[in-house]
Amino acid sequence: MAKITLPDLGENCTNPKKALHPLVSPEKDPELQSVLDWLRSHPVAELYTEAIRNSIDYVLDGGRTGRFDLMLPTVHSGERASVGAKLEYEVLRVFGLPKAKPLDTLVNDVPVDIKATITSNWTIPSEAHCQLCLCTQIQLSKNRHRTLLVRTHTSWLQHGENKDGKRGLAAQARDQLSVPVYDWTPLPVNPLRHLTEEQAAEVLAERPGQVKRLVKLFQYLEGHVIPRNVILTVGAGKHDPMRRARQARDSARKAGLDLLCGDSAEWRDAAAARGYTIRPGEWIALRREEQTQDQHSASATPEATPDEAKEG
């Protein structure tokens with residue numbers, strides 16, 4: 001796509017379907033500033049992280065498919081692209097916003113469209129031209145995301161249309177005429193991605209049963225917070241994986257691990273006392289405290305010299 005030359009600020013937009021209006025900077029756009037103020041009154045990066053994570057989990061459908069990584073060859077490119085469609089509804093949910101026409105929602109009574117991409121650009125439909133758009137960029141290769149707020153003037157869009165009549169946002173408008181709602185923010189990695197290929201094959205195998213495979217999971221990922229969807233993925237297609245996780249506690253204990261679940265306030269406190277935060281539905285496996293203390297005691301006791309050994 002050839003680089004386009006943007007009109008100067010103060011010139012009129014070329015949108016033939018709207019009343020004549022000038023191109024202004026974000027700082028001089030009162031509706032944009034109103035939306036931005038509302039968003040920034042919330043923990044916006046944290047809420048977007050939750051929304052994106054939920055959208056990815058929804059598309060992967062690990063509890064049915066056993067998939068845990070959007071970049072796996074078993075994930076179709078169309079499925080990756082569908083993360084954006086799901087994200088719209090997750091954003092509405094986490095911010096408590098209504099689904100409202102003429103676009104996706106209203107923020108401070110201002111119409112706003114919600115867009116997302118796993119590439120570097122967004123395609124803007126004709127109804128969102130010259131409107132405010134929340135544009136989220138998800139970089140899967142770098143496990144991070146950011147969201148920009150931009151007035152998608154027709155004059156700031158690329159000239160070519162795709163088959164749906166949508167036009168991409170010009171790179172200059174993205175880089176110079178948008179406002180970061182929040183900067184690049186880490187996207188939590190599914191803990192299953194920390195496993196080696198051999199470990200993942202073992203944990204996700206059909207056999208042995210769920211309890212034994214879950215114990216292996218907790219052993220391999222000791223100290224990692226394990227969300228509920230990971231348990232469901234390990235037990236994909238099987239009966240009641242969460243119950244099997246609870247049943248794994250005794251076997252894990254024999255292996256020297258304490259399994260703590262965030263559903264219990266007592267276990268949340270126990271995890272916090274050891275420097276970890278777990279929420280309802282999350283699990284963590286930690287080396288049993290008495291075993292750790294024994295190991296520390298053993299390492300702190302100096303070995304006897306040969307002469308001392310003889311005297312003993």
Side-chain angles (χ1 to χ4, degrees), residues 15 17-19 21 26 29-64 70 78-119 121-138 140 145-154 156-157 161-169 173-174 178-182 185 187-188 227-229 280-281:
N15 189 335
K17 298 181 181 179
K18 289 189 175 294
H21 58 280
D29 187 331
E31 288 188 336
L32 184 149
Q33 293 300 319
S34 174
V35 171
L36 190 63
D37 288 344
W38 187 92
L39 289 167
R40 288 181 173 172
S41 69
H42 297 72
V44 62
E46 179 182 336
L47 291 174
Y48 257 95
T49 298
E50 177 185 345
I52 294 169
R53 186 174 180 176
N54 289 341
S55 300
I56 291 174
D57 288 344
Y58 177 86
V59 170
L60 288 173
D61 193 11
R64 186 177 61 85
L70 272 177
E79 292 182 287
R80 295 188 193 100
S82 70
V83 169
K86 176 60 177 173
L87 181 60
E88 173 194 329
Y89 294 95
E90 284 295 319
V91 168
L92 297 183
R93 182 185 65 82
V94 298
F95 283 98
L97 290 168
K99 177 67 176 173
K101 294 180 177 181
L103 301 175
D104 289 330
T105 190
L106 294 172
V107 179
N108 262 0
D109 295 324
V110 178
V112 175
D113 215 34
I114 299 172
K115 297 297 174 192
T117 183
I118 58 172
T119 59
N121 203 355
W122 304 266
T123 54
I124 310 300
S126 59
E127 66 270 17
H129 289 193
C130 302
Q131 302 284 1
L132 290 178
C133 288
L134 277 167
C135 296
T136 300
Q137 184 179 7
I138 305 169
L140 296 173
H145 62 97
R146 65 172 177 171
T147 295
L148 310 174
L149 181 61
V150 59
R151 174 79 67 178
T152 52
H153 285 292
T154 303
W156 293 351
L157 302 180
E161 297 181 350
N162 66 12
K163 62 182 180 181
D164 298 321
K166 298 177 180 178
R167 294 168 59 179
L169 180 65
R174 178 195 65 204
S178 66
V179 179
V181 178
Y182 59 89
T185 297
L187 185 63
R228 183 176 185 272
N229 75 291

Nearest-0.5 Å distance, [atom1] of residue [X] to [atom2] of residue [Y]:
X	Y	atom1	atom2	answer
Ile138	His145	CD1	NE2	8.0 Å
Trp122	Ile114	CH2	CD1	14.0 Å
Tyr48	Thr147	OH	OG1	4.5 Å
Leu47	Ile52	CG	CD1	11.0 Å
Arg80	Ile118	CZ	CD1	6.5 Å
Leu60	Leu70	CG	CG	4.5 Å

Answer whether the closest heavy-atom distance between the side chains of [X] and [Y] falls below 4.5 Å.
X	Y	value
Pro111	Leu106	yes
Leu187	Ile56	yes
Asp113	Pro125	yes
Leu36	Val181	yes
Thr123	Arg167	no
Val91	Thr136	no
Leu39	Leu134	yes
Cys135	Arg174	no

Report yes or no: does [X] contribute a side-chain atom to a donor-acceptor pair with the main-chain N or O of [Y] at less than 3.5 Å?
X	Y	result
Thr152	Ala128	yes
Asn121	Leu169	yes
Arg146	Pro180	no
Thr105	Pro98	yes
Ser82	Glu79	yes
Thr49	Ala45	yes
Gln137	Ala116	no

Around atom [atom1] of [X], are there more than 12 heavy atoms of other residues, nucleotides or ligands at under 6.0 Å?
X	atom1	answer
Lys99	NZ	yes
Tyr182	OH	yes
Arg228	CZ	no

**Request:** Only one of Leu157, Ile124, Thr154 passes side chain to side chain contact (heavy atoms under 4.5 Å, CB included) with Cys130; say which it is.
**Result:** Thr154
**Asked** Of the options Leu149, Val110, Asp37, which is the one that meets Leu32 in a side chain to side chain contact (heavy atoms under 4.5 Å, CB included)?
**Response** Leu149
**Asked** Using 30° and 60° as the class limits, which term best fits the ring planes of Trp38 and His42: parallel, tilted or perpendicular?
**Response** tilted
**Request:** May I ask you to decide whether Glu50 forms a salt bridge with Arg53, counting only side-chain N to carboxylate O separations under 4.0 Å?
**Result:** no
**Prompt:** Yes or no on side chain to side chain contact (heavy atoms under 4.5 Å, CB included) for Lys18 and His153, after CA distance, side-chain angles and deciding distance?
**Reply:** CA-CA 11 Å; Lys18 289 189 175 294; His153 285 292; over 6 Å; no
